[in-house]
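Worksheet for the structure shown next.
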Amino acid sequence: MLRSRLVTVHKAVKRDISINVPALQKATDPIQQLFLDKLKEYKSKSAGGKLVDPSPEITKERESELEKLSAQYGGGSGVDMTQFPQFKFNDPPVDTGLKK
């Protein structure tokens, strides 16, 4: 009997929390609302993984760093670094030492 009451209480608490989730998503503090608005703005500006409002110096530095990484890890012109490398393993011949 106690267990059935606990299950009922658990379901009621879960239901109350799920009903209140949309209410909790609204910011009550104006500073918090400004922060959320700024996050949404940055998310819309950074679509496609681009930098948000980059300066020419930052863009140039980013490109030079990407070139360094590409050269360090085997990239270069004509090499697609976004593709997973293809591995090919050849089994060496095994000599068991048994003669027929």
Side-chain angles (χ1 to χ4, degrees):
M1 181 158 166
L2 178 62
R3 185 176 183 148
S4 65
R5 286 184 182 178
L6 288 175
V7 170
T8 306
V9 170
H10 176 69
K11 286 181 182 178
V13 169
K14 189 174 180 182
R15 189 176 314 122
D16 288 342
I17 291 172
S18 65
I19 291 172
N20 290 329
V21 167
L24 294 175
Q25 290 178 347
K26 286 276 192 182
T28 56
D29 184 18
I31 295 174
Q32 184 180 16
Q33 187 62 45
L34 287 172
F35 179 73
L36 292 175
D37 292 342
K38 189 58 91 168
L39 284 178
K40 289 176 186 175
E41 178 186 340
Y42 275 14
K43 183 178 179 183
S44 66
K45 284 184 178 181
S46 68
K50 299 177 187 174
L51 295 174
V52 178
D53 299 331
S55 66
E57 297 86 26
I58 291 180
T59 306
K60 185 178 177 181
E61 182 180 348
R62 180 178 184 267
E63 291 300 320
S64 69
E65 290 296 323
L66 288 175
E67 287 174 12
K68 285 181 197 176
L69 287 172
S70 178
Q72 184 176 1
Y73 291 106
S77 61
V79 177
D80 187 10
M81 294 293 287
T82 61
Q83 293 293 323
F84 192 77
Q86 299 293 322
F87 297 108
K88 185 175 181 181
F89 298 103
N90 295 323
D91 292 331
V94 178
D95 183 19
T96 59
L98 298 176
K99 295 184 180 181
K100 288 186 179 182

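Dense packing is recorded around CD of Glu41, with more than 12 heavy atoms of other residues, nucleotides or ligands lying under 6.0 Å away.
Gln72 CD to Glu65 CD: the interatomic distance, rounded to the nearest 0.5 Å, is 10.0 Å. One finds the CD atom of Gln33 at 12.0 Å from the CD1 atom of Ile31 (value rounded to the nearest 0.5 Å). In this structure, CG in Leu36 is found 6.5 Å from NZ in Lys40, a value given to the nearest 0.5 Å.
Looking at Arg62 and Leu66, their side chains come closer than 4.5 Å, going by heavy atoms from C-beta outward.
The aromatic rings of Phe89 and Phe87 lie parallel to each other, their planes meeting at an angle below 30°, with 60° marking the opposite boundary.
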